[in-house]
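Here is the structure we will look at, set down as structure tokens.
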Amino acid sequence: SSTMSFSEAEVQSARGAWEKVFVDAEENGTAVLVRMFTEHPDTKSYFTHFKGMDSAEEMKQSDQVRGHGKKVFTAINDMVQHLDNSEAFLGILNPLGKKHATQLKIDPKNFRIICDIILQLMEEKFGGDCKSSFEKVTNEICTHLNNIYKEEGW
């Protein structure tokens, strides 16, 4: 389904929750990636320049990890601004999904992994309400990404 159903209240609380982590996009984006690479080392294989990094400390200092963390958070931020507009939301998500499916060949299960880590971070830093306000957004992102992957023949 290409239509999203967020009530006005859900949109507002999701945006409020997201703002808390996006304020520090590079730091939090980096923390999410470092946790993903540490807890799911196979995810590092997609990033040739991160492969040799074993320590979390080394990853945290890496400009490439930091840059990608910020990029991920910026993309999510763009989507969060369009939760009340399916077309605009998918206009951001579709090309990203296609690129990850066709060029980068990233296994779609990794999107769920990174979304879950973002939710964990929200809960640790800002509590369960923050996390639950954002869960529906991550579910939408993952559902739509999976649909894009199916269309691309995964």
Residues forming a ring pair (Phe, Tyr, Trp, His ring centres under 6.0 Å) with His68, sequence neighbours excluded: Phe47
Partners meeting side chain to side chain contact (heavy atoms under 4.5 Å, CB included) with [X] (sequence neighbours left out):
X	answer
Val32	Phe73, Ile114, Ile117, Ile118, Leu121
Asn110	Thr43, Tyr46, Ile106, Asp107, Ile113
Glu135	Leu119, Lys131, Ser132
Lys99	Gln103, Leu104

Taking every non-hydrogen atom, the tightest pair across [X] and [Y]:
X	Y	answer
Pro108	Asn146	CB-OD1, 3.5 Å
Leu83	Phe6	O-CD1, 3.7 Å
Ile148	Gly97	CG2-C, 3.8 Å

Just wondering, do Phe89 and Asp84 contact through their side chains at under 4.5 Å, heavy atoms? no
Gap separating the [atom1] atom of [X] from the [atom2] atom of [Y], nearest 0.5 angstrom:
X	Y	atom1	atom2	answer
Ser133	Met122	OG	CE	8.0 Å
His144	Asn139	NE2	CG	10.5 Å
Gln81	Trp18	CD	CH2	10.0 Å
Leu33	Ser62	CG	OG	9.5 Å
Glu152	Lys105	CD	NZ	9.5 Å
Ile141	Ile92	CD1	CD1	10.0 Å

Run the salt bridge (Lys or Arg N to Asp or Glu O under 4.0 Å) test against [X] and tell me which residues pass, sequence neighbours left out.
X	value
Asp129	none
Glu10	Lys136
Lys70	none
Glu27	Arg66

For the side chain of Trp154 and the backbone of Ala101, is there at least one donor-acceptor N/O pair under 3.5 Å apart? yes
Main chain of Met53, side chain of Lys44: is a donor-acceptor contact present, judged purely on distance under 3.5 Å? yes
The test is side-chain contact (heavy atoms from CB on, under 4.5 Å); show your working for Met59 and Phe50 and say whether it passes. CA-CA 8 Å; Met59 291 178 213; Phe50 304 164; over 6 Å; no
Please enumerate all residues that pass side chain to side chain donor-acceptor pair (under 3.5 Å) together with Gln61, with sequence neighbours excluded. Glu57
For side-chain contact (heavy atoms from CB on, under 4.5 Å), just list the numbers for Val34 and Glu58, CA-CA rounded to whole Å, side-chain angles, deciding distance to a tenth of an Å, and then say yes or no. CA-CA 9 Å; Val34 169; Glu58 204 181 345; over 6 Å; no
Would you please test Thr74 and Phe22 for side-chain contact (heavy atoms from CB on, under 4.5 Å) and show each step? CA-CA 8 Å; Thr74 302; Phe22 191 66; 4.3 Å; yes
Applying side chain to side chain donor-acceptor pair (under 3.5 Å), which residue pairs with at least one partner in residues 114-128 are found, sequence neighbours left out? Asn28-Lys125, Arg35-Gln120, Arg35-Glu124, Arg112-Asp116
Give every residue pair that meets the ring pair (Phe, Tyr, Trp, His ring centres under 6.0 Å) criterion with at least one member in residues 98-118, sequence neighbours excluded. His100-Phe111, Phe111-Tyr149
Just wondering, are more than 12 heavy atoms of other shown residues or ligands nearer than 6.0 Å to CG in Asp42? yes
How about NZ on Lys109, more than 12 heavy atoms from neighbouring residues, nucleotides or ligands closer than 6.0 Å, or not? yes
